[in-house]
Amino acid sequence: MDPSLPDHDHCRYCGDAVPFDQAYCCEECYYADQKRIRSEKMRDIAMAAVAIIGVVVVLALGLIF
């Protein structure tokens with residue numbers, strides 16, 4: 001590690017250097033990351049719903065035929 005660099009962390013969204021007590025370098029990164037997190041959650045929920053519906057359809061078809 002370079003001794004001339006002060007102790008720092010990195011922004012969770014863009015990767016810029018930030019002090020240890022901050023998670024994001026600016027409000028834009030915070031809101032962009034929150035939007036990304038919401039869209040990932042919605043995608044995960046949709047995939048789980050599709051999987052559950054698929055299982056129900058397969059079970060229903062197994063009982064019918």
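All values below come from the heavy atoms of this structure, side chains included, with hydrogens, waters and symmetry mates left out.
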Which pair of non-hydrogen atoms, one from His8 and one from Ala17, has the smallest distance, and what is that distance?
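Closest pair (atom of His8, atom of Ala17, distance): CD2-CB, 3.6 Å.
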Taking only residues at least two apart or on different chains, which pairs with a member in residues 38-65 satisfy salt bridge (Lys or Arg N to Asp or Glu O under 4.0 Å)?
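Of all non-adjacent pairs touching residues 38-65, those that pass salt bridge (Lys or Arg N to Asp or Glu O under 4.0 Å) are Arg36-Glu40.
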Salt bridge (Lys or Arg N to Asp or Glu O under 4.0 Å) contacts in which one or both residues fall within residues 10-31, not counting sequence neighbours
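Not a single pair qualifies under salt bridge (Lys or Arg N to Asp or Glu O under 4.0 Å).
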Given a cutoff of under 4.5 Å between side-chain heavy atoms of I, L, V, M, F, W and Y, with clusters grown through shared members, what are the other residues clustered with Leu63?
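Its cluster mates, by chain and number: none.
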Residues clustered with Val18, ILVMFWY side-chain links under 4.5 angstrom:
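Listed partners: none, Val18 stands alone.
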Quick one: list whatever passes ring pair (Phe, Tyr, Trp, His ring centres under 6.0 Å) with Tyr13, sequence neighbours left out.
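Here no residue qualifies.
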Apply ring pair (Phe, Tyr, Trp, His ring centres under 6.0 Å) to Tyr31 and list each qualifying residue two or more places apart in sequence or on a separate chain.
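Counting only residues at least two positions away or on another chain, Tyr31 forms no ring pair (Phe, Tyr, Trp, His ring centres under 6.0 Å).
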Is the shortest heavy-atom distance from the side chain of Tyr24 to the side chain of Gln34 under 4.5 Å?
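The answer is yes; the side chains approach within 4.5 Å.
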Does Leu61 have any side chain to side chain contact (heavy atoms under 4.5 Å, CB included) partners at least two apart in sequence or in another chain, and if so, which?
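Scan of Leu61 (side chain to side chain contact (heavy atoms under 4.5 Å, CB included), adjacent residues dropped) gives Val57, Phe65.
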Atom SG of Cys11 and atom CG of Asp33: how far apart are they, to the nearest 0.5 Å?
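One gets 7.5 Å once the value is rounded to the nearest 0.5 Å.
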